Each structure stands twice: as structure tokens, then as C-alpha cells.
Number of protein chains: 2
Amino acid sequence: MSSASSTKQRILEIARELFARQGYTGTSIADIARELGTTTAALYYHFPSKADILRGLLAEPLVAYNRILGSLRSRHPSATELLGAFIDLTADSRELAVMIERDPAVLKLITDQLPDSSESINQQVIEVLAGPEADRAAIIRAHAAFAVVKTATLAVLSPHQESADDVKLDPADRAEILAAALRALRP
Amino acid sequence: MSSASSTKQRILEIARELFARQGYTGTSIADIARELGTTTAALYYHFPSKADILRGLLAEPLVAYNRILGSLRSRHPSATELLGAFIDLTADSRELAVMIERDPAVLKLITDQLPDSSESINQQVIEVLAGPEADRAAIIRAHAAFAVVKTATLAVLSPHQESADDVKLDPADRAEILAAALRALRP
DNA sequence: GTCTATACCCGGATAGAC
DNA sequence: GTCTATCCGGGTATAGAC
């Protein structure tokens with residue numbers, strides 16, 4: 001309760017859930033309106049477009065993501081730190097993570113309006129994981145480790161689909177994922 | 001040259017490329033027709049629907065996938081064999097692999113008409129990888145290993161997007177991916 | 001086998017009353 | 001803030017001539 005225009009919040013919650021289940025493109029404004037118990041026109045009082053609903057959902061995790069990217073340049077995080085940070089980021093915004101992975105339209109919307117380079121966003125992370133004298137094998141291992149943190153985290157959490165809010169990642173699970181990723185990274 | 005109604009084949013090639021780039025939902029019949037140099041009506045002479053074009057593309061890799069699943073029951077393949085088989089399958093049908101991962105509509109079309117159980121298809125693979133006395137940690141490691149073979153294989157091949165046909169997976173790369181997956185799998 | 005023309009539907013979005 | 005009604009565009013698909 002409290003904070004901000006409650007229907008706006010409800011719309012975002014509904015959208016997050018539907019987008020995660022059916023994808024952004026696969027969800028219509030009418031779907032959201034139905035779940036909300038109103039008509040599509042009512043939605044447009046709160047949001048000027050469907051894309052803006054998406055932006056409303058993405059804003060927060062996107063700054064988190066950029067914070068991680070920023071830390072790559074200022075300090076030099078260890079692989080453990082970096083992979084751990086991505087596990088947490090994925091866990092915190094798992095509905096959005098699946099959505100971004102799955103919907104080309106969403107990916108486009110993100111890269112189009114990103115402060116950062118439009119170029120493949122993960123590339124920088126891979127380079128840091130691979131290290132400075134990265135030969136081809138090292139890059140492959142970096143991809144492998146990154147794949148583990150992203151996919152395994154989602155796999156562990158996906159069973160608890162109901163009750164969208166704060167499904168916590170078990171610390172033991174987190175440790176197991178991180179360990180697997182680090183093994184994949186180091187020969 | 002030779003084999004079968006050439007325009008039908010050209011349509012399939014074009015569709016495979018466009019579907020991979022823009023997704024199945026993101027590609028219109030008009031897109032395919034334009035690339036083909038004809039109109040949408042002409043397409044419908046060769047295929048009764050857009051979904052049938054997709055089915056035409058999926059048929060072959062789908063039997064390969066089912067062959068692997070079948071081998072799970074008859075013999076007991078080692079983790080190395082199993083993971084290796086998935087690397088090869090992913091490499092051979094990478095355009096389709098991305099498509100399936102990315103488009104919910106495609107996934108639905110597959111599961112709807114699958115001979116096998118409609119239930120999550122990868123589940124069985126995970127169970128085999130995790131082994132018989134699978135505790136939670138073992139299942140996580142199985143997810144990790146599976147994520148590596150799927151994602152890393154695609155990552156290695158994606159740079160060569162042009163010239164869709166037979167981009168071969170370098171044996172050294174394959175070995176590196178497999179090794180990383182096995183390390184993720186075993187504590 | 002390919003064309004023009006068109007039917008049909010669905011999704012996003014707007015106008016204007018209440 | 002929400003409604004009814006409607007526009008518009010794009011997408012799949014069909015009819016029928018050539």
C-alpha cells in the first residue's frame with residue numbers, strides 16, 4: 001500500500017505477469033485491460049502507449065544493469081563478484097529477464113533508447129570474464145560461465161511462478177550456480 | 001539443384017533466414033514474398049499457411065531431437081555423449097534453435113503437435129544429466145551444463161551469420177564447449 | 001504459377017460523452 | 001477515470017483472372 005497512483009501500479013504488476021507468461025508481443029492491451037477489469041481506453045489514461053508500460057517495467061532493472069557495467073570500468077571486479085552480481089540481477093528481475101531473452105521487439109526497444117552503445121550489450125561482460133589476453137578458448141569459457149548464471153538462475157526460480165513478488169533465491173542454490181559458473185570459466 | 005520443387009525450397013531457405021533474424025511472429029508473409037520476388041498470393045500456392053512453412057522447417061531437426069530423447073530410454077548414454085549430441089544438434093539447426101528459444105508462438109506450435117508429452121521437453125534431459133539420486137544441487141548442475149551446450153554453441157556460431165548453409169563448428173571449439181559443460185556438471 | 005484485388009480480423013490508439 | 005464507438009494499420013488468407 002501507500003506509494004503512488006495505485007492503478008498505475010496494478011497495471012504494471014499485471015503487465016509484468018502477462019508479459020512474462022506470453023511475451024510482450026504476445027500480450028495485447030486488451031489482455032491487460034481484461035485482467036484489470038476495465039477497457040482498453042481506460043488504460044490509455046494511465047499510459048500513453050503499450051511501449052510505455054514496458055518502459056515502466058524495465059527502468060529499474062536497467063539502471064541496475066548499467067551500474068554493473070559501470071563498475072567494469074572504474075574498478076576491476078573479480079569473476080566471482082561479476083558472476084554473482086548477474087545471478088542477483090537475474091533473480092531480482094526474472095520475469096523481465098525471460099522477456100528480454102525471448103522477444104526481439106523488446107530487445108530492440110531497449111537498445112534503441114539505451115544511454116550506452118547500441119552494440120551488443122553483453123559483449124563487454126564477456127570480454128571482462130575472458131580476461132585481457134583472451135584467446136578463442138577463453139572467450140568460449142566466458143560465454144559458458146555467463147550462460148550458466150543467466151539460465152540456471154531462471155531454471156531454479158521458474159517452478160515458483162505464482163505469487164510474482166519476492167521469490168527469494170536460496171543462498172545454497174546461489175552458491176551452487178556460482179560454483180558451476182566458475183568451474184565452466186576456469187580450465 | 002536437382003531435388004524437389006525448387007521454389008518451395010527457396011521459400012524455406014528465405015523463411016529460415018528471416019525467421020532467425022526477426023523471429024517467426026516478427027516475420028510477415030509479405031516479408032518472405034518480397035525477398036522471393038513475388039506476391040503473398042503466390043506463396044499460398046506452395047504453402048497453405050504460414051504455420052506450414054514453419055512446420056516444413058522444423059520437421060527435420062525435430063526428428064533428430066526425438067532420436068536423442070529416444071536413446072535416453074533404450075541405452076544409457078554418458079553425460080559426454082548426451083551433451084555432445086546436443087552441441088551437434090544445436091549447431092546443425094542453429095537458426096531454428098534461436099527461433100524456438102525466442103518465440104513463444106513457435107514453442108506452442110511445437111508442443112501442440114508433438115508426438116511426445118506436451119510437458120516441458122527438456123525436463124527428461126535434465127533428469128538424465130542429474131543422475132538417479134539427484135539432489136537439488138545435482139539438478140542445478142545439470143541445468144548449468146545444459147545451458148552451456150545450448151548457449152555457448154550459439155554464441156560461437158553467431159558471428160558467421162551470413163551464408164546460412166553449413167557453417168561448421170570448429171572441432172576445437174566443440175571440445176572446449178563440451179569440457180566447460182562437463183566441468184559445470186561435476187563438482 | 002503468379003497476378004490484382006479484396007475480405008477479414010486483430011491490435012494499437014483516439015474522440016468525446018459521462 | 002472510465003465508458004462507447006470508432007479509426008487505422010498491418011497481417012493472414014482467399015477469389016478469380018491470366
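Remember, it's a predicted structure, so these values are computed and weren't measured experimentally. A, B, ... follow the sequence lines: proteins, then strands. Residue 1 opens every chain.
For A/His46, counting side-chain heavy atoms from C-beta on, the closest listed nucleotide (D/dG1, D/dT14, C/dC3) is D/dG1. Ranking D/dT2, C/dT2, D/dA13 by closeness to the B/Ser49 side chain, first place goes to D/dA13. Listed nucleotides D/dA13, C/dG12, D/dT2 differ in distance to B/Thr40; the shortest reach to its side chain belongs to D/dA13. The B/Ala41 side chain lies nearest to C/dA5 when the options are C/dA15, C/dA5, C/dG1.
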Decide side-chain contact (heavy atoms from CB on, under 4.5 Å) for A/Met99 and A/Leu54; before the verdict, give the C-alpha distance in whole Å, the side-chain angles of both, and the deciding distance to 0.1 Å.
CA-CA 10 Å; A/Met99 212 177 54; A/Leu54 178 58; 3.3 Å; yes

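Here the C1' atom of nucleotide D/dG11 and the CD1 atom of B/Ile29 are 9 Å apart, to the nearest Å. Rounded to an integer number of Å, the gap from CD1 of A/Ile32 to P of C/dA13 is 11 Å. Distance CG (B/Leu36) to C1' (C/dT2): 11 Å, rounded to an integer number of Å. The distance from atom CD1 of A/Ile11 to atom P of C/dG12 is 14 Å, rounded to the nearest whole Å. Here D/dT4 presents its P atom at 14 Å from CG of A/Leu43, a figure rounded to the nearest Å. As rounded to whole Å, 11 Å separates atom P of C/dT14 from atom CG of A/Asp52. In this structure, the CZ atom of B/Arg34 is 11 Å from the P atom of D/dT12, given to the nearest Å. Atom-to-atom, NZ of A/Lys50 to P of D/dC8 comes out at 22 Å; the value is rounded to the nearest Å.
Inter-residue side-chain proximity for A/Leu69 and A/Val125 is flagged as met; some heavy-atom pair is nearer than 4.5 Å.
A 6.0 Å sphere centred on CZ of A/Arg183 holds more than 12 heavy atoms belonging to other residues, nucleotides or ligands.
At C/dC3, one or more side-chain N or O atoms of B/Thr39 fall inside 4.0 Å of OP1 or OP2 (strictly under the cut-off). One finds no side-chain N or O of A/Tyr45 lying less than 4.0 angstrom from the OP1 or OP2 phosphate oxygen of D/dT2.
Exactly one residue among B/Val148, B/Val149, B/Leu178 makes a side-chain contact (heavy atoms from CB on, under 4.5 Å) with B/Phe86. That residue is B/Val149.
Looking only at distances, a side-chain donor or acceptor of B/Thr111 sits under 3.5 Å from a matching main-chain atom of B/Lys108.
At the heavy-atom level, B/Thr25 lies nowhere under 4.0 Å from the strands shown.
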